[in-house]
Every structure is written in structure tokens, then in C-alpha cells.
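Only one structure is covered here, and it is reproduced in the block below.
Quick note: residue numbers are just sequence positions, from 1.
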Amino acid sequence: MKNFINTVVLIFVVFYNLNGYSQNIRLKLKSEKIEIMEDSSFIKKITIIFKKSNKLRLYPIFYDTELERVSDIQIFEKKGKRLKPLSLRNVYEEDVKLDYITSKKIKSVKIPADKEVKLTYLISCKELMYFSSLQFFSYNEIDTLKYQIKVPKKFELAHTTIYKDSLSFYTIDSTTTNHGSTWNIKVSPKKVEPDPLQFFGIYKNMKVPLMRTLVIPSSYKNHPTDYMNDWYLKNVSSKRGLDISVKQKIDELTTNITDPFQTVNILYNYVKNNFKYVAIEIGMGAFIPSHPNEVYLNKQGDCKDLSNFLSKVLRYKGIESDIALAATFDHISDCDFPSLSSANHVISVVYINGKTILLDPTDPIHVEGTPVQSLQGRTILIVNSKGGSFYKVEQFNPQQNEIYYLIDLKIDTDNMLIKGVFTIDYNGLSSNHLRRTLKNEGTKEFESFGKTFYEEIFGNQLISDLVVVNESKKLHFEGDISINGKTFNDGTNKYLFIDFLPRLIETENRETLLEGTYLRNPFHKKVRTKVKMNEPIKTFEPIVHSLNGDGISLNVTIKSISNIEIECNYDFIFDHIFIEKENINKANEVLKSFKKIINEPIVLKKQKI
């Protein structure tokens, strides 16, 4: 589900603006009365009261034609306590015309100007699991948002709310009768910027209040995870069975292979390299994978399709494997609660010699046995016949993601240029942003990209003869560098500016980071720079700068190692994946301090001969 965003935004935003949905519609009240039916369907009765406006507005009703039906749309003019029915001639229906969204439609209701208007309609849904969340946010201005949920006695409601502290008002109560329970929720919703992806339940990089819900049979009371597991397992069970052509191919790939780790490696890379990733579908296709034989035939699928296929072929080769629901770094919530709204991704899991190994066939550079980069520190829900279980994904530590620069420079005697060579080694996940570019662009195009990239990293100095060596566990670079205008002389001193040292964070060129910035992974950056003088200097005591915070540290050391050579070294450790309110101040303090350090010249006293 996770890579499809750019195309959707570009196409849909145009539609969104042309039809007027980006208007700031002001609502006095929005309420949803949700009734769970005995047959596991549910009905939502939605009431919206629009404040007066001097402009005509279009109000969109998004629904899924595969699972939902919109009916009984009515519109009224409010005159005091009276309601006057208005004509519904101006209701438009359009398909959402996107490549991989085939079952979404929009009914657009024209809201007249200069009237206080009440709109009511029903949405009925045949799949109870589709009732997976309640939004406590809106892209419209809403004074009051109300939900009422009626649950018959044969069911129970499980729920949890994220980011509740961001609400200015929130109440919830429930009553129980012989027939079931009724839940009443009232909030002042958080206003957010319009985002078309929200209409598809895709809350990318949002930190907004949301109640995750799961309605379970009473027999699963206090065991919602078991119900989620069993429901998903039941739906996936029909997607089993490999035909003869699939088995022949898998056998061909693993001929004479007995080591399970080697088998996993071969089949994992086969899927990553030979199957095309395609984006999500809506309806049950957003959650339930296609049959593995169909995936093999088409050589394509999204995360759930590819992960389910991989899991099935591994099982065929005798390797225990499951699939797991997951929430990537940019999802609204962690997958630590059993609800379809908790997850936006599916991966495969294998077990070898007591070790749990994660496999993400949509990540072309992931290496089995390591954490999936987009899931570091997140929770996954493993689905299997033993009952669902949550599993916390390991997070890399900074030392595993070391970036090591070795720079050897010499000041030119004639024209005061500084010339030299450099090598860079990326370990762990630290090179992933570069590996992805290399994989997508190819070697020739990447050489041009790399030259521009490193000239910027080195403060816009000239890079030449850049070479990249793509190893399995390390990405290695080497090249020449020419630095101009960074050294000056007077009668007694030599001045050296070191603002050509590689910037601390390579994936961001902002001098001040914003809250919510995704830095991909923790890392430890080591820079070791030697500068050979063109004339002797007096040795000096080391100059040391240190800054430390929670999970952040910077240590800069400038020292002379002889009368003709100095070292400028730094170690930067960042043990976070995001810039958040807890670390943003210290992170920006370190960035500002580093800039000040490298912008001040090093004063080197000349040694008399």
C-alpha cells in the first residue's frame, strides 16, 4: 500500500480543486449514528448542518461501490426549528479516475448560498471490519462532531484513541441494556489542511486524533487481537495453493539448495527483482491479497500480494512463514491495536532456528535478517494459525549505520588551492537513500548525480573522478576534491577555513530542521580530515568542541600532528529517526553550533625557519 502517493496527489488534487472541494466549508454540526446489524453489516446515518455562506458550495460524499451504498440523501433549509425540504436535482456522481482505485465514487451535493442547510444521508456497508476508525479531525471547520454507535448484544466494541491530547474537547460514555450497548462520543475536532488522500483512509505523515475501532463477536470478548487474526486468516485462506508452473519455477531456483537461509535469500531476491510493485486497490482488495498464482502469472502486485506470494512459496519449500500487518514510519498510528486502520503495509515473516526474520518484497534494497527501514521501532501484527501476536521491530543503533569519511588534503604552494582525495564508506542503512538512487538511475546516471550531491555535501567544492563500489554490506565512494578560497596568509599567521567539511546530515540541506522531518535511521558519522601545509606552522594544543543531548552528540577536534600537518575531525551521533518536539531544539542547536565552528577560521602561527 505504501508507495503510491505521488501519482494520486498529482491527478486527484487537480480534480479536487476544479470541483471546489478545497473551499473552507464551515459546519455547525456533523453527527454520525452508526448501527451495527446482527448480520455483521452496519449503517451510518450522517447529519451535517452547514453555516450560512454567501457562496454556493459542493459537498463531497466519498464511498466504496464494492462495499458501501449511499441512499436517502435529503437536504433541508433550516428556518428556526422548522426544516424546509430543498430540491436534490443538483447531485452529481463521478468515478474516482485513478489507475489503481477502481471502486471509489463521489456524490457531490450542491449546498446553496445564503441559507443554513441541513444535509442527511445513509451509508450502508456489508463488511463490519470496514468500520475501523472514527476521525476526530476535519479539513472543514466544525464546531461540534458527534458519534453514536449502537452495538447489539452479540458484539463488543474495542477501541483506542491516538493523539487525544490535541483535542480541546472530548467526551465519551456508554450505556448497556439487555439488547446491547450504545456509545456516545462528542468532540471539537482538530482542523487540518485538506488532503485528498484522507478520503481513501491514507493518513500520510499526520499526527491527528483518531479512534481505532474493532467490533468483535462476544465470544472474543477481551481478545480483539485473536478476532482480527482469525478474520484475516480466514480471508487469506482462500488465497492458497500453488499451481504446477509456480512449483516448477521455485524448484528450479532452489535446485540442490538445502540451507534454509540460502533458500530464503534466493526466493526473496527473486520476488524483489522480478515482480513489479503496483499500488493499492480499494474495497476488500485494499486488505486481502490476490491469489499467489495470479500474482505469479502477472508478475506484479502490491505489498500484501507480494508478501503473501513470498510466504506461500517459502512454505512450499518447507520454511515456516507468515504474513504480518504493519504500519510504516509515515502512517498515522503504530500497528499496536487490532484494527484495519492501524496498518498500511503487509510484510512476510520467516522463522529459522528460532530466529524471526522480516522480509519486505516491496523494498528492493532490504537485506533479510536486518530490520526493515520503514518499520524500525514499529509494531507488526503477525497473522497465523496459532493466534495473532504483536512483534516489535528492532531499530538499528547509530553504530550499525556508520558513515566514515577519510579526507587527505594538501595546500598547493603556488595558488593556495587545497587539493586531495577522499573515501567514504556507508554501513548498515546509512547508504539506503543512495542505494535507491543507484538502483533506479543506473551507474552512468548515478555518477552525474553523485558528483552534484557530494559537491553540495562538501560546501560547493569541486569533485572529480568519483568512483562508487556497491558492495553487499557497504557502499564505498572515492574521488578527488579541489577546494578554493579557504586559506589566506598575513605576515605571521595562516588562516584556514574548514567550512568544506561534510555537513552533519546528508539527507537534509536545511540549516534549521522542522518538526516531523524524517531522517530515515539513526547514524554515527565519522569525519577524519588531514590537511598538509605548504609551510611550517607552530604546533598547538587541541581545540575541542562538544555538545551532547538525549540521543544526540557532536564532538569536533582540531589538532596539529606535526609542524606541517593538522587534523580536523568530528563525530556526530544521531540516535533518532524523526525530528520531533523532544529532540528538535537540541538537533537545531547542534546544527547551528557546527556551522559556527566551521565558519570561524583556524589561526595557525607560522614557524620561523
request  = Report the C-alpha separation of Asn521 and Gln373 in whole Å, then their side-chain angles, then the decisive distance to 0.1 Å, and conclude whether the side chain to side chain donor-acceptor pair (under 3.5 Å) test is met.
outcome  = CA-CA 7 Å; Asn521 48 261; Gln373 183 174 19; 3.0 Å; yes
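- A distance of 7.0 Å separates NZ of Lys249 from CG of Asn274, quoted to the nearest 0.5 Å.
- Ring geometry for Tyr426 against His433 counts as perpendicular: the plane angle is over 60°, on a 0 to 90° scale with 30° as the lower cut.
- The salt bridge (charged side-chain N to carboxylate O under 4.0 Å, His left out) test with Asp363 singles out one residue from Lys439, Lys272, Arg436, and that residue is Arg436.
- Taking OG of Ser333 as the reference point, atom CZ of Arg212 lies at 4.0 Å (rounded to 0.5 Å).
- Side-chain atoms of Leu475 and Val468, non-hydrogen and from C-beta on, do get closer than 4.5 Å to each other.
- Put simply, the side chain of Ser348 never gets that close to the backbone of Ile323: no donor and acceptor are under 3.5 Å apart.
- Under a 3.5 Å cut-off, the side chain of His576 and the backbone N or O of Asp550 do form a donor-acceptor pair.
- Side chains of Met228 and Met129 form a contact here, defined as non-hydrogen atoms less than 4.5 Å apart.
- Listed by chain and residue number, nothing satisfies the side-chain contact (heavy atoms from CB on, under 4.5 Å) test with Leu297 (two or more places apart in sequence, or in another chain).
- The ring pair (Phe, Tyr, Trp, His ring centres under 6.0 Å) contacts involving residues 294-318 comprise Phe275-Phe309, where partners must be two or more places apart or lie in separate chains.
- Arg435 contributes atom CZ, which lies 4.5 Å from atom CG of Asn470 (distance to the nearest 0.5 angstrom).
- What you find for Pro289 and Tyr232 is that their closest heavy atoms are CD-OH, 3.9 Å.
- Legend: residues meeting side chain to side chain donor-acceptor pair (under 3.5 Å) with Glu394, ordered by chain and number and at least two apart, are absent.
- Val313 pairs in a side chain to side chain contact (heavy atoms under 4.5 Å, CB included) with only one of the listed residues (Leu242, Leu253, Thr254), which is Leu242.
- Relative orientation of the His159 and Trp183 rings is perpendicular, given thresholds of 30° and 60° on the angle between their planes.
- Considering only residues two or more places apart in sequence or on other chains, Lys525 meets the side chain to side chain donor-acceptor pair (under 3.5 Å) condition with Glu506.
- A salt bridge links Asp322 with Arg315: the distance from a Lys NZ or Arg NE/NH1/NH2 to an Asp or Glu carboxylate oxygen falls below 4.0 Å.
- Of all non-hydrogen atoms in Pro398 and Asp575, the two that sit nearest each other are CD-OD1, 3.4 Å.
- Enclosure of atom CG in Asp165 is not indicated, since only 12 or fewer non-hydrogen atoms of other residues, nucleotides or ligands lie within 6.0 angstrom.
- Heavy atoms of other residues, nucleotides or ligands lying less than 6.0 angstrom from CG of Asn440 number more than 12.
- Of all non-hydrogen atoms in Glu580 and Lys207, the two that sit nearest each other are OE2-NZ, 3.2 Å.
- Asp251 meets the salt bridge (Lys or Arg N to Asp or Glu O under 4.0 Å) test with Lys317; sequence neighbours excluded.
- Once rounded to the nearest 0.5 Å, the distance linking CG of Leu514 with CD1 of Ile584 reads 6.5 Å.
- Here ring pair (Phe, Tyr, Trp, His ring centres under 6.0 Å) pairs that include residues 209-228, with residues two or more places apart or in two chains, are Tyr220-Tyr227.
- Here the CZ-CG distance, from Phe136 to Leu145, works out to 7.5 Å after rounding to the nearest 0.5 Å.
- Counting only heavy atoms from C-beta outward, the side chains of Asn308 and Val346 never approach each other to under 4.5 Å.
- Here Ser431 contributes atom OG and His476 contributes atom NE2; the two are 13.0 Å apart, rounded to the nearest 0.5 Å.
- The aromatic rings of Phe453 and Phe449 sit parallel, their planes meeting at an angle under 30°, below the 60° perpendicular limit.
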